Amino acid sequence: MALGIACRVSGAFIAVMLIALISVLVYAAWPAIRQFGLGFLFSSEWRVNEIERPLRDAAGKVVMQDGEVVMETLAPAFGALPVIWGTAATAVLSLVVAVPLSLGAALFLVRVAPKLRIAGPISFLVEFLAAIPSLAFGVWALFVLAPFIQNTVGPFLQRVLEPVPGLRWLFFEQVTVAGRVLERPIPITGRDLLSGSLILAIMILPIITSISRDVLRSVPRAQIEGTLALGATWWQSCIAMLRYARSGLLGAIMLGLARAAGETMAITMVIGNNNQISPSPFAPAQTMASLLANEFGEASEGMHRAALLYVALVLLVMSLAFNVVARRLVVGKLASAGSGH
Amino acid sequence: MKLSAKETRRRAWSAGMFALCSISATAIVGVLLFVAGYLVWIGISSLSWEFLTTVPTGDVANPGGMRHAIDGTIILVGLATLAGVPIGVLAGIYLSEYPEDSKVTGPLRFIADVLTGVPSIVVGILGYELVVVPVARMTNNSVSFSGYAGAAALAFIMIPIVARTTEEMLRLVPKSFREGSLALGATRAQTIFRVVLPGAFGGIATGVVLAMGRIAGETAPLLFTALGSRLLTHNPAEPFPSLTLQIYTYATGPYPEQKRLAWAGILVLLAMLFVVNLAIRVIAIRHARGRLG
């Protein structure tokens, strides 16, 4: 009896955890939700304090009155578009790097490694390395990857790509100074979208690889043997496997995406932490998680904190959605294939 | 036999993709080993006895060690485990052993899965709003960052993991064991405590130790809860140091000597995780032996 009660209470506790998570965030973010509504997601202003600046007319000239500069005051404003852009850009870029490598490695682990008797050691290694905390990857990225991109990769790419017509946006940004649009080179610092995406890619490699391996392993042998019996080459039978397991693989990729979107420490250390939207991978950026890590500690009471909590809520809802869809895909696939998961 | 052009192309394509797959596997293992090797290599050259035994001096040229942070991490993980394991294991038993409640346990299992995917920075913010702010209000302090708040955030991460692992491990215990026990007149509680839990002990212990390793490496949930500290404190009611927080502060700071300490800290953290992994293997082997015997 007592055990039954204790078990039910503990089970209920898990439900309470989720309810607390959502309701506390909504409650604390409420001032920002009420003031900005859904427009928060599409606004790119992020001004923590109000600023005063000279008023300019349509031609960009400073407005003078009685020999004095007329000032205008900009109220604090909060919008999540720059961090949504930063999160989406780093996540997509890291998937572009990690997915082909992971799928290739998963195929290798399922189709080749068992014959060479190295599937066990490689799997063990990949899983052990998946346990390295993100802080360790962050420190490595900060001291090794970022300088490497700043001193070697960046200058090399600039030399090769800058003369290519249509690729100037990679290395130059448009800025408006005193009402005029100027083009200025983006300094390559190694703390930018590219570094952030690459370290994310390295971190999600083990996850996508090991889940894809499980999914591919659950493809019935008869499927593979059937294609081979029909005269398919090794690669053609791999294609058949990938096609058979496509929804599970999509789930594996989405779990990687969820991890990439919620990842905090490593990316905070190399993303450059600048709330701006720039298409260039060499420009510093900011993700939802890195914004929270950087600003929440300093945010006093008021709209700044509420806006940050709104960002946290968006991040939570997004990663919950990714997780729900991904788990449905992966678990459904593994269960329907009748493997013991 | 002479192959047609199409056949040759088909085979060449296959061989090429085979090579690419092999290269992918090599590249992944290579990159990860390079990162891990680099961390260990630089860490070893930065590690000293002083690092393990002294606390920060406040002097940036000779910053002392991380004794306080190592103690802090051990205490935080210990507190989180004390709170998280009973709740997690009991919830896991509920998910597995109460099939008559399947209308509740089904959604609950799903919620536990979803909770394991919550970004850790969001957990930290929840800890701030749910523990730090109310405690500050109750005690009329302006801030009340504490080790307890940090441990609560870590327990939040730990509970769903432990619950799901416990459930999976209990499910591996054959149904006939339970039926045999019940047929002998044991109550359900006796069956669970004497038959099912001992049968799954190794697996549950492995899951718990894995979860401990996971939270020992967490930084984001502690940023706004434990806050970090440069003092050697064993009182969790105060702002509390942790290895990860101290590494983060030093690594992102401007002083080269502190950056060196960050590398050493990473090595100590990795060594702790390695010990944890070793412990898992020992548990698993013992458990397997116990089953055979």
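Proteins get letters first, then strands, A, B, ... in listed order; numbering begins at 1 in each. In this text, all values refer to a predicted model and were calculated from it rather than measured experimentally.
Near-neighbour residues of residues 12-21 of chain B relative to chain A, defined by a heavy atom under 4.5 Å from a heavy atom of that chain, comprise B:Trp13, B:Ser14, B:Met17, B:Phe18, B:Cys21. Near-neighbour residues of residues 96-106 of chain B relative to chain A, defined by a heavy atom under 4.5 Å from a heavy atom of that chain, comprise B:Tyr98, B:Glu100, B:Asp101.
A:Glu263 contributes a side-chain N or O that, together with a main-chain N or O of A:Met265, makes up a donor-acceptor pair within less than 3.5 Å. Listed for the A:Asn273 side chain is a donor-acceptor partner under 3.5 Å among the backbone atoms of A:Thr268. Although no hydrogens or angles enter the test, the distance criterion places a donor-acceptor pair under 3.5 Å between the side chain of A:Thr87 and the main chain of A:Met288.
Between chain B and the options A:Leu21, A:Ile202, A:Leu142, heavy-atom pairs under 4.5 Å are most frequent for A:Leu21. Per-residue heavy-atom pair counts under 4.5 Å with chain A were compared for B:Ala36, B:Ser22, B:Pro160, and the maximum is reached by B:Ser22. With chain A as the partner, the residue from B:Leu130, B:Leu95, B:Leu33 showing the most heavy-atom pairs under 4.5 Å is B:Leu33. Ranked by non-hydrogen atom pairs under 4.5 Å with chain B, the options A:Leu107, A:Asn323, A:Leu205, A:Val139 are led by A:Val139. Among B:Thr26, B:Thr252, B:Val29, B:Thr244, the residue making the largest number of heavy-atom pairs under 4.5 Å with chain A is B:Thr244. Chosen from A:Ile239, A:Val144, A:Leu145, A:Ile132, the residue pairing most often with chain B at heavy-atom distances under 4.5 Å is A:Val144. For the set B:Leu39, B:Ile93, B:Val35, B:Val276, the entry with the most heavy-atom pairs within less than 4.5 Å of chain A is B:Val35. Taking chain B as the reference chain and counting heavy-atom pairs below 4.5 Å, the highest number among A:Gly262, A:Ala289, A:Ala105 is found for A:Ala105.
Proximity to chain B (any heavy atom under 4.5 Å) is restricted, for A:Ile122, to the side chain, taken from C-beta onward. Neither the backbone nor the side chain of A:Ser237 comes within less than 4.5 Å of any heavy atom of chain B. No part of A:Ala258 comes within reach of chain B, as not one of its non-hydrogen atoms sits under 4.5 angstrom from that chain. Residue contact with chain B, scored on non-hydrogen atoms closer than 4.5 Å, involves the side chain of A:Leu125 exclusively. Residue B:Ala27 touches chain A through its side chain alone, counting heavy-atom pairs closer than 4.5 Å. Within the 4.5 angstrom heavy-atom criterion, only side-chain atoms of B:Ile192, from C-beta onward, approach chain A. If you measure heavy-atom distances from B:Ala216 to chain A, you find no contacts under 4.5 Å at all.
One finds the CE atom of A:Met254 at 6.0 Å from the CG atom of A:Leu257 (value rounded to the nearest 0.5 Å). Expressed to the nearest 0.5 Å, how far CG of B:Leu278 lies from CG of B:Leu273 amounts to 12.0 Å.
Remark: B:Arg171 does not engage B:Glu168 in a salt bridge, criterion side-chain N to carboxylate O under 4.0 Å.
Ring planes of B:Trp263 and B:Tyr38: tilted class, angle from 30 to 60°.
In this structure, B:Arg260 forms no cation-pi arrangement with B:Tyr255, as its terminal cationic atom is not both closer than 6.0 Å to the ring centre and no more than 45° off the ring axis.
Put simply, the side chain of B:Lys259 does not reach to within 4.5 Å of the side chain of B:Tyr250, judged on heavy atoms. Two residues are said to be in side-chain contact when any heavy atoms from C-beta on lie closer than 4.5 Å; B:Ile159 and A:Phe13 meet this criterion.
Remark: the A:His304 side chain and the A:Glu295 side chain contain an N/O donor-acceptor pair separated by less than 3.5 Å. Counted by atom type alone, A:Thr227 and A:Gln236 present zero donor-acceptor pairs between their side chains at under 3.5 Å.
Pairing each heavy atom of B:Arg10 with each of A:Ala232, the nearest pair is NH1-CA, 3.9 Å. Closest non-hydrogen pair, B:Thr219 versus A:Leu135, comes out as OG1-CB, 3.6 Å.
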Table please: side-chain donor-acceptor pairs of residues 114-128 of chain B below 3.5 Å, with sequence neighbours left out.
residue, atom, partner, partner atom, Å
B:Thr116, OG1, A:Arg327, NH2, 3.4
B:Thr116, OG1, B:Asp113, O, 2.5
B:Ser120, OG, B:Glu218, OE1, 3.4

Please tabulate, for the side chains in residues 308-319 of chain A, all donor-acceptor contacts under 3.5 angstrom to protein atoms that are two or more places apart in sequence or on a different chain.
residue, atom, partner, partner atom, Å
A:Tyr310, OH, A:Gly37, O, 2.8
A:Ser319, OG, A:Leu315, O, 2.9
A:Ser319, OG, A:Leu316, O, 3.3

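Within 6.0 Å of atom CZ in A:Arg111, more than 12 heavy atoms from other residues, nucleotides or ligands are found, so the atom counts as buried in its surroundings.
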